[in-house]
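So the structure is just underneath, and the comments pick up after that.
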Amino acid sequence: MRFTFLLPLALLATTAAAAPGRDDQLKPVSLQMAAAGQAALDAGKPQDAIDSFEAALASDPRNVAAFAGIAAAYEKLGLPGKAVKYYRDALALNPSDIAALEGQGRALVARGATARAQINLARIKALCKADCGAATRLEGVIAKASAQASVAPVKAKTTKE
């Protein structure tokens, strides 16, 4: 015997609202903590920003902006590897987040992975049908890294006598 359960329409609407997506579906406290994190980041306090963004994620782990904020804070701290990881987490929730794609591209360039950053650039261009500042900025970062790599002095091998 097979049973079929139908969800009431009200329960179905509640389930849809709990799905990851728009900011208006996140818990208000998570949005407040993410805003505090952004303010700390803007004030040049990346560690305070990380603390606030982590609190935002503790209250709602679907907060894409909080993941991206932690990543940006790690970039400011000079830790691009950690930044890449947190941008990846943000993109797992929203693969079309242009700011996260751009940030991850910057962090990848900082790690020397310009080919991977080019993939992010292509994704941004596919998402932005018109003039896209994120694509322009990431292109500039990639071009600058490529120019620096081409003029970097080659270290001569030294032999011990």
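Values below: every heavy atom of this structure, side chains too, minus hydrogens, waters and symmetry copies.
- Residues in residues 91-145 take part in no ring-ring contact (aromatic ring centres under 6.0 Å, His included) pair, two or more places apart or across chains.
- Residue pairs that meet the ring-ring contact (aromatic ring centres under 6.0 Å, His included) test with at least one member in residues 82-126, sequence neighbours left out, are Tyr74-Tyr86.
- Taking each heavy atom of Leu93 and Pro61 in turn, the nearest pair found is CD1-O, 3.6 Å.
- Every pair passing side chain to side chain donor-acceptor pair (under 3.5 Å) that includes a residue from residues 110-120 is listed here, sequence neighbours excluded: Gln104-Asn120.
- With sequence neighbours excluded, the residues that form a side-chain hydrogen bond (donor to acceptor under 3.5 Å, both in side chains) with Lys125 are Glu139.
- In the hydrophobic clustering, where aliphatic and aromatic side chains (Ile, Leu, Val, Met, Phe, Trp, Tyr) are joined below 4.5 Å either directly or transitively, Val84 groups with Leu108.
- With contacts defined as side-chain heavy-atom distances shorter than 4.5 Å, the pair Val64/Asp89 does not qualify.
- A disulfide (SG to SG under 2.5 Å) check over residues 50-108, counting only residues at least two apart or in different chains, returns nothing.
- Rounding to the nearest 0.5 Å places CG of Asn94 at 11.5 Å from CG of Asn63.
- The main-chain N or O of Leu26 is never found under 3.5 Å from a side-chain atom of Ser30 such that the two would form a donor-acceptor pair.
- For the pair Ser59 (side chain) and Ala56 (backbone), a donor-acceptor distance under 3.5 Å is present.
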Validation: residues 31-47 side-chain donor-acceptor distances under 3.5 Å, sequence neighbours left out:
unit_1, atom_1, unit_2, atom_2, d
Gln38, NE2, Asp42, OD1, 2.9

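- Other residues, nucleotides and ligands contribute at most 12 non-hydrogen atoms within 6.0 Å of the NZ atom of Lys82.
- Residue pairs meeting the ring-ring contact (aromatic ring centres under 6.0 Å, His included) criterion with at least one partner in residues 29-57, sequence neighbours excluded, do not occur; the list is empty.
- Residues passing the side-chain contact (heavy atoms from CB on, under 4.5 Å) test with Cys128, sequence neighbours excluded: Ile98, Ile124, Cys132.
- Within the structure, disulfide (SG to SG under 2.5 Å) pairs that include any residue of residues 92-123 do not occur (at least two apart or interchain).
- Linking Ile, Leu, Val, Met, Phe, Trp and Tyr whenever their side-chain heavy atoms come within less than 4.5 Å puts Leu77 and Ile70 in one cluster.
- With sequence neighbours left out, Asp60 forms a side-chain hydrogen bond (donor to acceptor under 3.5 Å, both in side chains) with Arg62.
- Counting only heavy atoms from C-beta outward, the side chains of Arg123 and Pro95 approach each other to under 4.5 Å.
- When every heavy atom of Leu138 is checked against every heavy atom of Ala117, the shortest pair comes out as CD2-O, 4.0 Å.
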**Request:** Could you walk me through whether Leu127 and Leu101 pass side chain to side chain contact (heavy atoms under 4.5 Å, CB included), step by step?
**Result:** CA-CA 10 Å; Leu127 291 168; Leu101 284 166; 3.6 Å; yes
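- Within the structure, disulfide (SG to SG under 2.5 Å) contacts touching residues 69-115 (residues at least two apart or in different chains) do not occur.
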